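This is a predicted model, so every value here is computed, not measured.
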Amino acid sequence: MARILSIDYGRKRTGLAVTDSLQLIAGGLATVSTSELFSWLQEYVGREQVERIVIGEPRQPNGEPSENMVRVQQFVNRWRKAMPQIPIEYYDERFTSVLAHQAMLDGGLKKKARQNKALVDEISATIILEDYMRSRRL
């Protein structure tokens with residue numbers, strides 16, 4: 001079975017998470033510079049079996065698209081043209097950053113670690129992936 005990869009796409013940094021090969025467990029993978037994301041992903045899917053990609057759909061609390069939606073759509077369109085064999089789909093990412101900060105607090109991370117934005121992005125990608133996996137089991 002192939003992995004599922006999730007993306008928490010940001011203007012500067014992008015958090016990534018991935019399932020194990022049995023698609024049972026989601027875990028943080030990396031945080032990469034958004035400018036390097038496309039080539040990083042191409043390299044990753046060249047060495048790992050990836051069934052699909054789930055990308056956070058940036059929406060405001062009221063459901064309206066956030067300012068980042070245009071950039072996410074551009075990335076999704078580029079991916080679909082270049083790698084049509086690996087589907088990419090949107091998944092609501094509202095409140096994942098808040099949940100990531102809460103997870104860091106619950107995990108007992110010190111203030112300095114909680115200020116690590118790259119870690120927040122990676123945890124957010126993991127939360128997106130966990131929620132996606134949970135929704136498929138229902």
Side-chain angles (χ1 to χ4, degrees):
M1 200 181 235
R3 300 173 189 275
I4 300 173
L5 188 138
S6 72
I7 300 172
D8 180 35
Y9 192 94
R11 185 179 302 162
K12 295 179 185 176
R13 289 173 319 280
T14 296
L16 302 165
V18 69
T19 65
D20 63 316
S21 59
L22 297 175
Q23 297 182 6
L24 298 173
I25 300 169
L29 178 61
T31 300
V32 299
S33 169
T34 299
S35 63
E36 299 170 9
L37 176 63
F38 198 85
S39 59
W40 192 98
L41 284 173
Q42 286 183 310
E43 183 181 312
Y44 184 82
V45 301
R47 68 178 187 274
E48 295 287 341
Q49 281 191 309
V50 175
E51 175 183 304
R52 74 180 52 253
I53 295 175
V54 178
I55 189 165
E57 184 175 29
R59 296 207 168 268
Q60 297 174 26
N62 67 2
E64 293 295 315
S66 76
E67 65 171 271
N68 200 34
M69 187 62 167
V70 171
R71 287 184 286 275
V72 171
Q73 286 174 327
Q74 290 170 344
F75 175 83
V76 168
N77 291 338
R78 182 178 176 202
W79 183 264
R80 286 178 174 158
K81 286 179 187 164
M83 304 291 283
Q85 71 278 17
I86 302 175
I88 187 168
E89 62 185 274
Y90 293 103
Y91 194 80
D92 190 345
E93 72 170 19
R94 280 180 282 183
F95 309 114
T96 54
S97 292
V98 173
L99 293 171
H101 282 297
Q102 188 60 50
M104 294 169 86
L105 278 170
D106 293 347
L109 289 177
K110 302 280 186 219
K111 184 176 182 179
K112 185 168 179 115
R114 292 192 314 262
Q115 292 172 336
N116 179 348
K117 292 182 180 177
L119 181 58
V120 172
D121 294 337
E122 190 174 319
I123 292 171
S124 293
T126 305
I127 291 169
I128 292 167
L129 186 52
E130 287 172 340
D131 286 351
Y132 174 81
M133 290 168 56
R134 194 174 305 114
S135 74
R136 286 181 33 157
R137 290 184 195 124
L138 299 177

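Placement of Tyr90 and Ile127 in two distinct hydrophobic clusters is found when ILVMFWY residues are connected by side-chain heavy-atom separations under 4.5 Å, directly or transitively. Placement of Tyr132 and Val76 in two distinct hydrophobic clusters is found when ILVMFWY residues are connected by side-chain heavy-atom separations under 4.5 Å, directly or transitively. Leu16 and Met133 fall into different hydrophobic clusters, where Ile, Leu, Val, Met, Phe, Trp and Tyr side chains are chained together by heavy-atom contacts under 4.5 Å.
Closest non-hydrogen pair, Gln23 versus Ala2, comes out as NE2-O, 2.6 Å. Pairing each heavy atom of Gly27 with each of Thr126, the nearest pair is C-OG1, 3.8 Å. Taking all atoms of both residues into account, the shortest heavy-atom contact from Gln42 to Ala82 is NE2-CB, 4.5 Å. Residues Thr31 and Glu122 approach most closely at OG1-CB, 3.6 Å, considering heavy atoms. When all heavy atoms of Arg80 and Glu89 are compared, the closest pair comes out as NH2-CA, 4.4 Å. Here the closest non-hydrogen pair linking Ala125 and Ser6 is O-OG, 2.6 Å.
Residues Gln74 and Asn77 have side chains not in contact (no heavy-atom distance under 4.5 Å, counting atoms from C-beta outward). You'll find the side chain of Trp79 reaches within 4.5 Å of the side chain of Ile86, heavy atoms only. By the 4.5 Å heavy-atom criterion applied to side chains, Tyr91 and Glu57 are not counted as neighbours. Proximity of Phe75 to Leu37: side-chain heavy atoms (C-beta onward) are separated by under 4.5 Å at one or more points. A heavy-atom distance below 4.5 Å is found between the side chains of Val18 and Tyr44. Residues Leu29 and Leu5 form a side-chain contact, since some pair of their non-hydrogen atoms from C-beta on lies under 4.5 Å apart. Annotation: side chain of Thr14 is not in contact with side chain of Asp8 (no heavy-atom distance under 4.5 Å).
Within a 6.0 Å radius of CZ in Arg47, other residues, nucleotides and ligands contribute more than 12 heavy atoms.
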Please report the C-alpha distance between Val72 and Ile55 in whole Å, then the side-chain angles of each, then the deciding distance to 0.1 Å, and finally whether the side-chain contact (heavy atoms from CB on, under 4.5 Å) criterion is met.
-> CA-CA 8 Å; Val72 171; Ile55 189 165; 3.8 Å; yes

Candidate pair Ile4 and Leu129, rule side-chain contact (heavy atoms from CB on, under 4.5 Å), full reasoning = CA-CA 8 Å; Ile4 300 173; Leu129 186 52; 3.6 Å; yes

List the steps and the verdict of side-chain contact (heavy atoms from CB on, under 4.5 Å) for Ile7 and Leu41.
-> CA-CA 10 Å; Ile7 300 172; Leu41 284 173; 3.7 Å; yes

Test side-chain contact (heavy atoms from CB on, under 4.5 Å) on Trp40 and Ser33 and set out the steps.
-> CA-CA 9 Å; Trp40 192 98; Ser33 169; over 6 Å; no

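Ion pairing of Glu36 with Arg13 is absent here, as no side-chain N (NZ or NE/NH1/NH2) approaches a carboxylate O to less than 4.0 Å. At a threshold of 4.0 Å, the pair Arg59-Glu64 does not count as salt-bridged, since none of the basic side-chain nitrogens sits closer than that to a carboxylate oxygen. The pair Arg3-Glu48 counts as a salt bridge, with a side-chain nitrogen and a carboxylate oxygen less than 4.0 angstrom apart.
Of the inter-residue distances, the one linking Ile25 atom CD1 with Glu130 atom CD reads 10.0 Å to the nearest 0.5 angstrom. Annotation: the span from Ser21 atom OG to Met1 atom CE amounts to 9.0 Å, rounded to 0.5 Å.
Of the N and O atoms on the side chains of Asn68 and Arg71, at least one donor lies less than 3.5 Å from an acceptor on the other residue. Checked by atom type, the side-chain pair Glu93/Tyr9 shows no donor-acceptor distance below 3.5 Å.
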